[in-house]
Amino acid sequence: GPMQLLLEEDGAFSWKCNASITTDGATVENDDLDDVTEVCPAQTKILLNVQFIAITISLAFAPGFGHLADKFGVQHMMTFTAVMCCTGIALLMIASATHTDRLLFIAFLCLGFMVSNTSVLIVKTGLVFERNESQQRVISALNTLFDAGSITYLGLWTIGNSNLFQNQYYDNKLVILAGGYLALAIIFFGGALYYWKQIGVLLPMNCQQQPEQQEDINLEMPPTGDDTTTGSQTRMGSDQNPSRRSADPADLPSSNDIRDDESSNIDRTYKDPSVLSTSSHIAMQAISDGVDGGSSHFDKDYINISERTSSEQLRSSQFLYLVVFFSIHVARNIFNSTTARDFLAYLGDDDKGNKYLSIFTLLLPASIIGLPFVDYVLQSRRQGVAGGGFYDGLQSINLLALCHGIIQTSNDNLNVQIVGFVFFSFYRCFLFAVTFSFLPMFLSTKVMGKATGILIFAAGIATLINIPLSNVAVTYLDGNFFWPNLFFTILVVPCIYAAWQMGQGIQRENEAK
């Protein structure tokens with residue numbers, strides 16, 4: 001996008017155009033390459049590859065970031081994020097000032113670490129709030145605002161092409177722009193670190209609630225089929241986070257209850273229905289009596305995912321389907337975001353002064369408009385037969401991806417592509433808001449950082465496919481991105497199946513509560 005335009009104008013990797021180049025009928029030899037303004041395919045290819053490789057490597061570290069976030073909390077990891085952001089921008093300035101193009105890879109790698117870690121911290125931040133609805137809205141809002149930040153590069157490019165940089169500052173344009181960006185980063189990260197220090201005392205209570213104690217209880221209680229929860233511990237329909245109830249003293253048995261006559265009391269709790277709570281007993285009786293015409297297929301041996309050990313939660317089919325779903329969509333999202341400049345250039349946007357690339361970038365922050373729709377979808381059918389609001393949200397992601405892909409592959413008109421831009425903006429909003437809000441609904445708090453990290457790591461691995469796809473389009477298809485775009489459109493089909501399976505998983509969780 002605009003960042004690629006800034007790098008091209010700065011002459012990054014222009015030495016890759018090492019063959020004689022013809023511009024306006026004149027042949028330009030290697031010695032005069034510094035005066036060449038036309039971008040060659042070799043330069044475009046390496047600029048795309050540098051970004052793709054840096055993103056992939058940075059996403060591979062996400063599980064480690066998630067583990068550290070679970071262990072040390074958001075405040076310490078926010079400091080790391082700030083350091084990575086400032087380091088990446090500083091290296092970008094050095095690379096531009098010294099024309100050390102290979103330094104751009106390290107710069108993008110540091111910025112990638114910032115993005116990867118921020119994604120983990122967004123979920124952890126949402127868990128500070130008590131109610132499920134509040135968590136979902138906070139996570140959705142933070143993801144959308146984070147996504148809307150992509151307009152920053154368009155702002156920098158617009159300033160760089162203003163009258164201010166047409167004369168004496170032109171040669172150092174990227175250095176000056178990046179310097180201003182670095183100053184803003186220091187100001188905003190400074191404010192974030194200050195406020196996290198003020199609220200840091202809340203994190204042990206809300207985001208790291210005695211994982212050792214919860215694990216011990218899971219190990220002590222036998223995993224029998226009669227394991228049920230009370231009405232106040234409902235996972236998918238209550239206002240209280242299920243993963244948080246094990247740390248609530250009102251919900252946990254006292255130490256004396258567990259230790260005194262442990263073998264008889266615990267055994268009786270799980271075998272004698274008379275000691276179960278009234279609501280749980282009624283629920284179990286209703287299921288056994290065949291409520292709803294005997295259509296229930298509840299498995300009495302099923303244990304809710306959040307009650308399992310950490311490793312079992314991360315190996316659950318529900319989480320694995322989400323990993324596949326998220327990986328495919330993130331790879332598609334990164335591909336379209338990174339190749340937008342080249343895709344639109346093939347359709348003639350360069351001849352129009354990159355007008356449609358500007359429209360595309362301007363519409364990305366419009367994903368904020370999609371927040372009310374995300375909230376409506378997630379809240380409207382929570383008790384639905386197919387899995388409620390989250391099932392609808394997951395399938396909405398697939399629908400938006402299909403609409404965007406069909407427009408990309410079926411029409412070369414740049415004006416029609418604007419409609420696709422709108423679909424893509426809403427698609428990005430739903431993708432991150434729904435996926436990250438979904439995690440706390442079936443996983444316990446103690447694995448939230450690790451789970452988010454694994455999601456991002458898997459997405460990073462899937463993103464590797466973007467490298468050969470972009471290379472084929474630029475090198476062998478003369479910049480035509482029809483086949484890569486069609487490939488990602490077809491990949492939505494397995495995502496539809498994965499979403500359906502997750503809907504069935506949500507239903508099992510609801511029935512087992």
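One-based numbering along the sequence shown.
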### Message
Let's go through Leu322 and Leu439 carefully: what are the C-alpha distance in whole Å and the side-chain angles of both, what is the deciding distance for side chain to side chain contact (heavy atoms under 4.5 Å, CB included) to 0.1 Å, and is it a yes or a no?
### Response
CA-CA 9 Å; Leu322 185 61; Leu439 283 176; 3.7 Å; yes
### Task
May I ask you to check whether Gln408 and Thr489 show a side-chain donor-acceptor distance below 3.5 Å?
no
### Task
Answer yes if the side chains of Tyr476 and Asn471 hold a donor-acceptor pair under 3.5 Å, and no otherwise.
no
Nearest 0.5 angstrom please: [X] [atom1] to [Y] [atom2], how far?
X      : Y      : atom1 : atom2 : value
Cys85  : Phe189 : SG    : CZ    : 4.5 Å
Ile55  : Leu111 : CD1   : CG    : 10.0 Å
His404 : Ile406 : NE2   : CD1   : 11.5 Å
Ser140 : Phe373 : OG    : CZ    : 14.0 Å
Ile122 : Asn117 : CD1   : CG    : 10.5 Å
Leu109 : Ser116 : CG    : OG    : 10.5 Å

Are [X] and [Y] packed together at the side-chain level, in the sense that at least one heavy-atom pair is separated by less than 4.5 angstrom?
X      : Y      : result
Phe65  : Thr452 : no
Val472 : Trp483 : no
Phe424 : Ser337 : yes
Asn466 : Phe488 : yes
Ser317 : Gln501 : no
Phe457 : Ile461 : yes
Phe105 : Ile57  : yes
Leu91  : Cys110 : yes

Quick check: closest heavy atoms across [X] and [Y], and the distance to 0.1 Å?
X      : Y      : answer
Ile496 : Gln395 : O-NE2, 3.3 Å
Ser470 : Phe335 : N-CE1, 4.0 Å
Val447 : Gln313 : CG2-OE1, 3.5 Å
Gly460 : Thr56  : O-CG2, 3.1 Å
Ala462 : Ser327 : CB-O, 3.6 Å
Ile456 : Ser119 : CD1-CB, 3.3 Å

### Message
Among residues at least two apart in sequence or on other chains, which ones pass salt bridge (Lys or Arg N to Asp or Glu O under 4.0 Å) with Arg428?
### Response
Asp147
### Residue list, ring pair (Phe, Tyr, Trp, His ring centres under 6.0 Å) with Phe343, at least two apart or on another chain
none
Any donor-acceptor pair under 3.5 Å from [X] side chain to [Y] backbone:
X      : Y      : value
Asp349 : Lys355 : yes
Glu509 : Gly505 : no
Arg308 : Ser316 : no
Asn411 : Asn413 : yes
Ser437 : Val434 : no
Glu312 : Ile305 : no
Asp375 : Leu371 : no

### Message
With a sphere of 6.0 Å drawn around CZ of Phe421, does it hold more than 12 non-hydrogen atoms of other residues, nucleotides or ligands?
### Response
yes
### Task
Test Tyr427 against His329 for side chain to side chain contact (heavy atoms under 4.5 Å, CB included), laying out the working first.
CA-CA 10 Å; Tyr427 163 72; His329 278 298; 2.9 Å; yes
### Message
Apply side chain to side chain contact (heavy atoms under 4.5 Å, CB included) to residues Val377 and Leu394 and explain how you reach the verdict.
### Response
CA-CA 10 Å; Val377 169; Leu394 293 168; over 6 Å; no
### Task
I would like to know whether Ile465 and Phe487 meet side chain to side chain contact (heavy atoms under 4.5 Å, CB included); could you show each step before the answer?
CA-CA 11 Å; Ile465 190 66; Phe487 171 76; 4.2 Å; yes
### Reference residue Leu48; test side-chain contact (heavy atoms from CB on, under 4.5 Å); the match among Ile53, Thr338, Leu469
Thr338
### Candidate pair Phe113 and Phe61, rule ring pair (Phe, Tyr, Trp, His ring centres under 6.0 Å), full reasoning
CA-CA 8 Å; Phe113 284 147; Phe61 282 82; 5.1 Å; yes
### Query
Can you name the one residue among Phe326, Phe432, Tyr321, Phe390 that meets ring pair (Phe, Tyr, Trp, His ring centres under 6.0 Å) with Phe438?
Phe390
